[in-house]
Amino acid sequence: MFSLSSMPSTSSVLSTYTTFAASAMLVRTILNEVQTITNQFIPQKLQDILSSKLEGLFGNFSDQLTLIIEQSEGFSVNEIYQAAELYLSTRITPSIQQLRVSQAPREKSLSVTINEGQKVVDTFEGMQLTWELVTTENQKTSLDYDSGLYASETAHKSFHLSFSKLFKDKVLNKYLPYVAERSKAIKETKKAIKLYSLAAADAINLDHPSTFDTLAMDPVLKQALIDDLDRFVKRREFYSRVGKAWKRGYLLYGPPGTGKSSLIAAMANYLNIELENRQCGGGHDENNSQVTLSGLLNFVDGLWSSCGDERIIVFTTNYKERLDPALLRPGRMDMHIHMSYLTPSGFKILAFNYLKIKSHSMFDEIEELIKEVEVTPAEVAEELMKSEDADVALNGLVDFLLGKKEQTMKCEEPKVDEGTQGNEEENESLKNEEDCTGQKRKNVNKKKKNKKLKSFSHLLRLM
Ligand SMILES: Nc1ncnc2c1ncn2[C@@H]1O[C@H](COP(=O)(O)OP(=O)(O)OP(=O)(O)O)[C@@H](O)[C@H]1O
């Protein structure tokens, strides 16, 4: 029971207060002394450790709980760290003073994340949560063969998520799954289609500046390809509705130097998407240098199925006729694009690219020559690059085309001894064929056919 008699007298309260005040002063003085001695004799690093331990001890009495989300766990990435990083980029408030900004090659948008030491306060179903990015430096000792042991520092990042202890279960079971879900949705909206090229590894410069505007190719075909790409990119929903994977395959075929690699780069630049070059390993049969069907099918189907949806795969070949129809069927190669020798309209594009001219008195002559000989855009580009002076460059091109025409005519009219017939004629043609390329080869083949017909009709006449 509480009674007045048990209450301390005023004098005893005052004396207790005086004693307490004196003791407090004494304690403060002692603490100051201890602080001074500590500063003098205990190194700063040790002081930091002691104070963090004490903080940890008293932290136990705090009502806050902190989850540490490390960037990686051993050798594997911590998915919840990545999710948090993406999620927090959408939770940036004006109170944040420092942000990290980066842009991956070919990414359309910048990625913004909080910088170390910065805090983001988030709310979720009545809870208040504080995120902080913390970086710690770890010392690692490694062995160097030249200079012996050396120490290196590695930065280790983690998110510290603090909230009231009362919400531990809710944070673990509801909030973090929500963060993961949100980040998945953010990733989905950022997702870019990937373009895979199956051209030779060194054929594609992943940062090639080629665009559809600078590409000399049949304008109708160019437009058809652009329309096809547009349709494909827009039809993501459609593909999922009809239960088809959102993928498209293009086969570019034509002689070397007609712009197949440039077209792949133009496609990637047009869609503003990543281009990945894959080499087609195991597709060739060493004995006959033909592309083996099973090797290619495995490669193409493996690529299709390897990493999910949203991709364009471009296959290039100089010899479409050597590919098996199984490889060319829709579903593997949906659109076949023939990259042909240069046409007069293609020449105009090159002239504009290289000389910045849309017309010139020599254009007619050049266009006539282009119709007569098979010349690749790469060859013409090479000639146009020889001078910045349009007159000089175009004159050089005319000489080059005339030289080609002469060569073609030689190939078209192989020296055939009138007396020689049958196999000998063919052998002679074939010998000439070796000096000829492209159209010349085709012409020789035509010639061979004609000769066979001629010989046949000759035979008929004799009968
Ligand atoms: N159609 C074209 N339009 C514009 N430039 C072209 C075209 N074709 C070739 N070129 C020029 O020639 C160079 C070589 O062409 P490219 O490598 O694209 O040809 P390719 O058909 O892929 O040849 P290959 O079959 O040997 O790989 C290009 O970098 C470009 O400068």
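Numbering of ligands and ligand atoms starts at 1, following listing order.
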Ring centre gap for Phe238 and Trp246 strictly below 6.0 Å | no
Show the atoms of ligand 1 that are less than 4.0 angstrom away from any heavy atom in [X].
X	result
Asn318	25 (O)
Tyr354	31 (O)
Leu215	3 (N)
Ser261	17 (O), 18 (O), 20 (P), 22 (O), 27 (O)
Leu350	4 (C), 5 (N)

Please state whether the rings of His336 and Tyr253 are parallel, tilted or perpendicular, taking 30° and 60° as the class boundaries.
-> perpendicular
Do Tyr175 and Leu67 have side chains that get closer than 4.5 Å, going by heavy atoms?
->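 Sidechains of Leu67 and Tyr175: no contact.
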Answer whether the closest heavy-atom distance between the side chains of Val179 and Trp131 falls below 4.5 Å.
->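 Side-chain contact under 4.5 Å: yes.
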Neighbour count above 12 (heavy atom, 6.0 Å) for Lys234 NZ | no
Would you indicate which of Ala381, Ser262, Ser210, Pro256 comes nearest to atom 18 (O) of ligand 1 when only heavy atoms are counted?
->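 The nearest heavy atom belongs to Ser262.
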Less than 3.5 Å between some nitrogen or oxygen of Asn353 and one of ligand 1, yes or no?
-> no
Is there a nitrogen or oxygen of Gly257 sitting under 3.5 Å from a nitrogen or oxygen of ligand 1?
->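 Min N/O separation from ligand 1 is below 3.5 Å for Gly257.
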Listed by chain and number, what are the ring pair (Phe, Tyr, Trp, His ring centres under 6.0 Å) partners of Phe400, not counting sequence neighbours?
-> none
